[in-house]
Amino acid sequence: MNEIYKIYKILYKNYGPQGWWPILGYGYHKQDYNFPRNHDEIFEVCLGSILTQNTTFVSVIKSLENLQAKNALNVYTIEKMEINEFKEAIKPSGYYNQKARYILEFIAFYKNLYGATPTREELLNVIGIGEETADSILLYGYNQPELKVDAYTKRILVHLGFVNDKAKYTEIKFLIQNSLGASIKDKKKLLIAYQEFHALIVEHGKKHYSKKPYGSGCFLNPHVK
DNA sequence: AGCCAGGCTACCG
DNA sequence: CGGTAGCATGGC
């Protein structure tokens, strides 16, 4: 059993299934992996993925609820909406001028998909979608095996000595994907492991890696290396 | 009061 | 290329 997989098992045992990505009205659907269940929910995950950039998800939920209250969690209403009204709705998530543009850029792209699953490369060509947001959309919106790496992931792996602080996004992503893939052969289970791994990292990161010194109280150290 | 949050782009050397 | 300022609200 490799070390990264061991970390996954320890985190899962401690925190349990996380049920990402939360959907309005259902929240964290723990141990139910049949989400998103329709195009509206996929679209909601995409918007949430953009809105959550460098922001807490609590703020994202407020923004999404503001839109939902206007029946605007869909392409056509957002496009017709006055831009300042849209910005006001997403204000709680911060960077609302940037994010309003990013979302409109994404919608132009999304419409052209006609329900198809986008490729990672296509997503990366959309202004406002970087590697993490692309993987977030693919992993949680489209159930594609693309692990999402965030600041906590890197911070934790650096602290535990798996990578150095200059490690790039894809290096970390493939290290984790290859490690989990070596231990989990079933495709469906591997996808769920990707989804849960990132969610568990965030949960653990919020508890032990948000304040300096990073890693204080982290219980992973004695179990690995 | 200051730091951090489930990042990305633009621009610099 | 790698490094960094700017973006902005909300919670602790």
Side-chain angles (χ1 to χ4, degrees), chain A residues 8 11 15 17-24 27-30 35-36 44-67 83-109 120-141 146-159 163-173 176 194-217:
Chain A
Y8 173 59
L11 291 176
Y15 300 119
Q18 299 299 297
W20 279 36
W21 187 278
I23 299 291
L24 289 184
Y28 295 87
H29 40 91
K30 301 188 177 183
F35 284 83
E44 181 187 322
V45 173
C46 294
L47 257 53
S49 296
I50 294 169
L51 289 172
T52 199
Q53 291 168 0
N54 205 35
T55 307
T56 62
F57 206 79
V58 174
S59 298
V60 173
I61 290 173
K62 285 181 192 162
S63 298
L64 292 175
E65 286 177 343
N66 286 344
L67 291 172
I83 184 63
N84 286 327
E85 184 183 359
F86 182 64
K87 287 180 179 178
E88 194 65 27
I90 65 170
K91 209 168 201 173
S93 301
Y95 306 139
Y96 57 89
N97 290 305
Q98 276 193 356
K99 286 176 179 175
R101 180 191 170 201
Y102 291 172
I103 288 171
L104 292 179
E105 296 273 0
F106 173 76
I107 283 177
F109 166 76
R120 190 171 194 270
E121 188 180 1
E122 287 170 343
L123 285 168
L124 291 176
N125 281 329
V126 178
I127 290 290
I129 299 184
E131 294 197 280
E132 185 180 340
T133 306
D135 287 335
S136 183
I137 288 171
L138 290 169
L139 181 61
Y140 296 111
E146 301 282 354
L147 184 91
K148 173 174 176 175
V149 175
D150 73 329
Y152 285 134
T153 314
K154 180 172 183 178
R155 197 175 291 169
I156 291 171
L157 291 198
V158 167
H159 185 257
V163 297
N164 64 47
D165 62 351
K166 291 188 302 180
K168 289 191 213 166
Y169 185 97
T170 49
E171 177 188 342
I172 297 171
K173 172 176 174 173
I176 297 168
Y194 285 1
Q195 293 175 331
E196 289 288 358
F197 184 89
H198 171 69
L200 289 163
I201 284 288
V202 171
E203 183 63 21
H204 189 64
K206 282 197 270 198
K207 280 187 163 58
H208 302 292
Y209 287 84
S210 56
K211 287 187 297 189
K212 293 180 180 178
Y214 295 143
S216 79

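Naming: A, B, ... by sequence-line order, numbering from 1 per chain. Only heavy atoms go into these numbers, but all of them, side chains included; no hydrogens, no water, no symmetry mates.
Residue-level contact check: Val149(A) touches neither bases nor backbone, having no heavy atom under 4.0 Å from any strand. If you check every strand for non-hydrogen atoms under 4.0 Å, Tyr28(A) touches a base. Within the nucleic acid shown, Ile129(A) comes within 4.0 Å of sugar-phosphate atoms alone, with no base atom in reach, counting heavy atoms only. The residue Lys87(A) sits apart from the nucleic acid: no heavy atom pair falls under 4.0 Å.
What separates CG of Leu147(A) from P of dG6(B) is a distance of 17 Å, to the nearest Å. One atom, CD of Glu105(A), and another, P of dG7(B), lie 21 Å apart when rounded to the nearest Å. As a whole-Å value, the separation of Ile201(A) CD1 from dA5(B) P is 14 Å. Atom CD of Glu132(A) is separated from atom P of dA5(B) by 12 Å (rounded to the nearest Å). For Ile137(A) and dG6(B), the CD1 to P distance is 18 Å, given to the nearest whole Å.
Taking atom P in both dC8(B) and dG10(C), the straight-line distance is 22 Å, to the nearest Å. dG2(C) and dG6(B) are spaced 27 Å apart, taking the P atom of each and rounding to whole Å.
In this structure, Tyr152(A) reaches the dA5(B) phosphate: one of its side-chain N or O atoms is under 4.0 Å from OP1 or OP2. Look at Ser210(A) and you won't find any side-chain N or O under 4.0 angstrom from OP1 or OP2 of dA5(B). Dashed line: the shortest gap from a side-chain N or O of Arg155(A) to OP1 or OP2 of dA5(B) is under 4.0 Å. In terms of phosphate contacts, Lys168(A) brings a side-chain nitrogen or oxygen within less than 4.0 Å of OP1 or OP2 of dG2(C).
Going from atom CG of Asp135(A) over to atom CD1 of Ile129(A) covers 11.0 Å, rounded to the nearest 0.5 Å.
With Tyr209(A) as the aromatic partner, Arg155(A) does not meet the cation-pi criteria of under 6.0 angstrom to the ring centre and within 45 degrees of the ring axis.
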Go along nucleotides 3-12 of chain C 5' to 3' and tag each nucleotide: B for a protein heavy atom under 4.0 Å from its base, S when only backbone or sugar atoms are that close, - otherwise. ---BBBSSS-
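Side-chain N/O atoms of Ser63(A) and Lys99(A) include no donor and acceptor closer than 3.5 Å. Side-chain polar atoms of Gln53(A) and Thr133(A) form a donor-acceptor pair below 3.5 angstrom.
Close placement of the His29(A) and Phe35(A) rings is indicated, their centers lying within 6.0 Å of each other.
Lys173(A) pairs with exactly one of Glu132(A), Glu146(A), Glu131(A) by the side chain to side chain donor-acceptor pair (under 3.5 Å) rule, that one being Glu146(A).
When all heavy atoms are compared, the tightest approach of Gly217(A) to His208(A) is O-CE1, 3.2 Å. Looking at every heavy atom in both residues, Ala89(A) comes nearest to Asn66(A) through O-ND2, 2.9 Å.
In this structure Lys91(A) satisfies the side chain to side chain contact (heavy atoms under 4.5 Å, CB included) test together with Glu88(A), Tyr96(A), sequence neighbours excluded.
Here the nucleotide nearest the side chain of Lys148(A), chosen from dG6(B), dA5(B), dG7(B), is dG6(B).
Nucleotide dA1(B) has no partner under the Watson-Crick or G-U criteria, as no pair reaches both atom distances under 3.5 Å.
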Please list, pair by pair, any protein nitrogen or oxygen found under 3.5 Å from a nitrogen or oxygen in nucleotides 10-13 of chain B.
none

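In this pair, Tyr15(A) and His204(A) present their aromatic rings tilted. The plane angle is within the 30 to 60° band.
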